[in-house]
Student: 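Please read through the structure below; I'll follow up with questions.
Just so we're on the same page: letters track the sequence lines, and every chain starts at 1.
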Amino acid sequence: MNAYERIYDTVKRIPYGKVATYGQIADLAGMPRKARLVGYALFRVAPEADVPWHRVINFKGEVSESLFRQGNDYLQRSLLESEGIEFNALGKVNLGRDRWQP
DNA sequence: AAAGTGACCTATT
DNA sequence: GAATAGGCCACTT
């Protein structure tokens, strides 16, 4: 079991309608301070893997992505909105309310 | 095998 | 609040 597997496993635990930050995922996956690895892992997720990568955002509540990724700039936001997560005018989500708290 | 890279985070101006 | 700088460490080439 490598680091990626653990990250994917943790991401899969995010419930519908909630979001989590990279640092949070890293912490829950047993690797505090390794948030970058989470981002790295998610960047390389295979489309066939059932990982809700769209529920993972940065700690500011903004949707981050590399822009090179399959044109998801709009998709991720759409997916979250369809799960009931709201964005303000700045494209941020209300972490205080929608953040996943295990 | 060494160097480069990055969907981040935190503390400091 | 916004902008800067530094730290972090597994993965790729």
Side-chain angles (χ1 to χ4, degrees):
Chain A
M1 186 150 184
N2 54 26
Y4 282 171
E5 301 270 339
R6 230 159 36 218
I7 290 170
Y8 298 152
D9 250 21
T10 306
V11 174
K12 284 180 195 167
R13 283 186 220 133
I14 304 174
Y16 180 96
K18 293 289 177 187
V19 295
T21 67
Y22 294 96
Q24 185 176 8
I25 295 299
D27 196 22
L28 290 170
M31 23 176 104
R33 296 294 188 283
K34 296 178 192 143
R36 297 182 100 154
L37 275 298
V38 178
Y40 226 34
L42 289 180
F43 177 75
R44 298 191 36 89
V45 178
E48 55 264 27
D50 57 340
V51 177
W53 54 270
H54 55 274
R55 295 189 193 139
V56 184
I57 58 183
N58 62 18
F59 86 106
K60 293 179 202 162
E62 297 175 321
V63 176
S64 302
E65 49 182 284
S66 58
L67 303 170
F68 287 96
R69 191 68 181 157
Q70 36 188 286
N72 296 350
D73 56 334
Y74 192 69
L75 177 64
Q76 177 163 17
R77 178 168 162 167
S78 287
L79 287 169
L80 291 176
E81 284 178 332
S82 68
E83 293 191 354
I85 297 186
E86 297 176 7
F87 287 79
N88 66 16
L90 296 162
K92 297 186 185 178
V93 304
N94 187 337
L95 280 179
R97 192 196 61 194
D98 291 326
R99 188 185 220 243
W100 175 43
Q101 305 182 48

Student: To the nearest 0.5 Å, what is the distance between CZ (A:R6) and OG1 (A:T10)?
Tutor: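 The OG1 atom of A:T10 is 8.0 Å from CZ of A:R6, to the nearest 0.5 Å.
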Student: Would you be so kind as to tabulate the donor-acceptor pairs closer than 3.5 Å made by side chains of residues 83-97 of chain A, with sequence neighbours excluded?
Tutor:
| unit_1 | atom_1 | unit_2 | atom_2 | d |
| --- | --- | --- | --- | --- |
| A:E83 | OE1 | A:G17 | N | 3.4 |
| A:E83 | OE1 | A:R55 | NE | 2.9 |
| A:E83 | OE2 | A:H54 | NE2 | 3.3 |
| A:E83 | OE2 | A:R55 | NE | 3.3 |
| A:E83 | OE2 | A:R55 | NH2 | 2.9 |
| A:N88 | OD1 | A:L90 | N | 2.8 |
| A:N88 | OD1 | A:G91 | N | 3.1 |
| A:N88 | OD1 | A:K92 | N | 2.9 |
| A:N94 | OD1 | A:G96 | N | 3.1 |
| A:N94 | OD1 | A:R97 | N | 3.2 |

Student: Write out a two-atom table: protein N or O, nucleotide N or O from nucleotides 11-13 of chain C, distance below 3.5 Å.
Tutor:
| unit_1 | atom_1 | unit_2 | atom_2 | d |
| --- | --- | --- | --- | --- |
| C:dT12 | OP1 | A:R44 | NE | 3.2 |
| C:dT12 | OP1 | A:R44 | NH2 | 3.4 |

Student: Any side-chain heavy atom of A:I25 sitting closer than 4.5 Å to one from A:I14?
Tutor: yes
Student: Side chains of A:Y4 and A:D9: closer than 4.5 Å at any heavy-atom pair?
Tutor: no
Student: Tell me, please, which residues at least two apart from A:E62 pass salt bridge (charged side-chain N to carboxylate O under 4.0 Å, His left out).
Tutor: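 Salt bridge (charged side-chain N to carboxylate O under 4.0 Å, His left out) check on A:E62 returns nothing, list empty.
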Student: In whole angstroms, how far is the C1' atom of B:dG6 from the CE atom of A:M31?
Tutor: 16 Å
Student: Not counting sequence neighbours, list each pair that qualifies as a salt bridge (Lys or Arg N to Asp or Glu O under 4.0 Å) and has a residue in residues 11-24 of chain A.
Tutor: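 For residues 11-24 of chain A, and leaving out neighbouring residues, the salt bridge (Lys or Arg N to Asp or Glu O under 4.0 Å) pairs sorted by first residue read A:K12-A:D50.
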Student: What are the two closest heavy atoms between A:W100 and A:A20, and how far apart are they?
Tutor: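 A:W100 and A:A20 have their closest heavy atoms at CE3-CB, 4.2 Å.
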Student: Anything under 3.5 Å between a donor and an acceptor, one on a side chain of residues 29-42 of chain A, the other on a protein residue two or more places apart or in another chain? List them.
Tutor:
none

Student: Could I get the full list of side chain to side chain donor-acceptor pair (under 3.5 Å) partners for A:D98, not counting sequence neighbours?
Tutor: none
Student: Are A:V45 and A:V11 grouped together when hydrophobic residues (ILVMFWY) are joined by side-chain heavy atoms under 4.5 angstrom apart?
Tutor: yes
Student: CZ of A:F59 versus P of B:dA7: gap in Å, rounded?
Tutor: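 To the nearest whole Å, that distance equals 16 Å.
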Student: Round to the nearest Å and state the distance from A:K60 atom NZ to B:dA11 atom C1'.
Tutor: 14 Å
Student: Taking only heavy atoms on the protein side, list every residue of residues 19-27 of chain A lying under 4.0 Å from any atom of DNA chain B, sorted numerically.
Tutor: A:T21, A:Y22, A:G23
Student: N/O contacts under 3.5 Å, protein versus nucleotides 4-8 of chain C?
Tutor:
| unit_1 | atom_1 | unit_2 | atom_2 | d |
| --- | --- | --- | --- | --- |
| C:dG7 | O6 | A:R36 | NH1 | 3.3 |
| C:dC8 | O2 | A:R36 | NH1 | 3.3 |
| C:dC8 | N3 | A:R36 | NH1 | 2.8 |

Student: Separation of A:R6 atom CZ from C:dC9 atom C1', in whole Å?
Tutor: 13 Å
Student: Report yes if the side chains of A:N58 and A:T21 come closer than 4.5 Å at any heavy-atom pair, otherwise no.
Tutor: no
Student: Can you tell me how far P of C:dA2 sits from CG of A:N58, to the nearest Å?
Tutor: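 After rounding, the gap between these two atoms is 14 Å.
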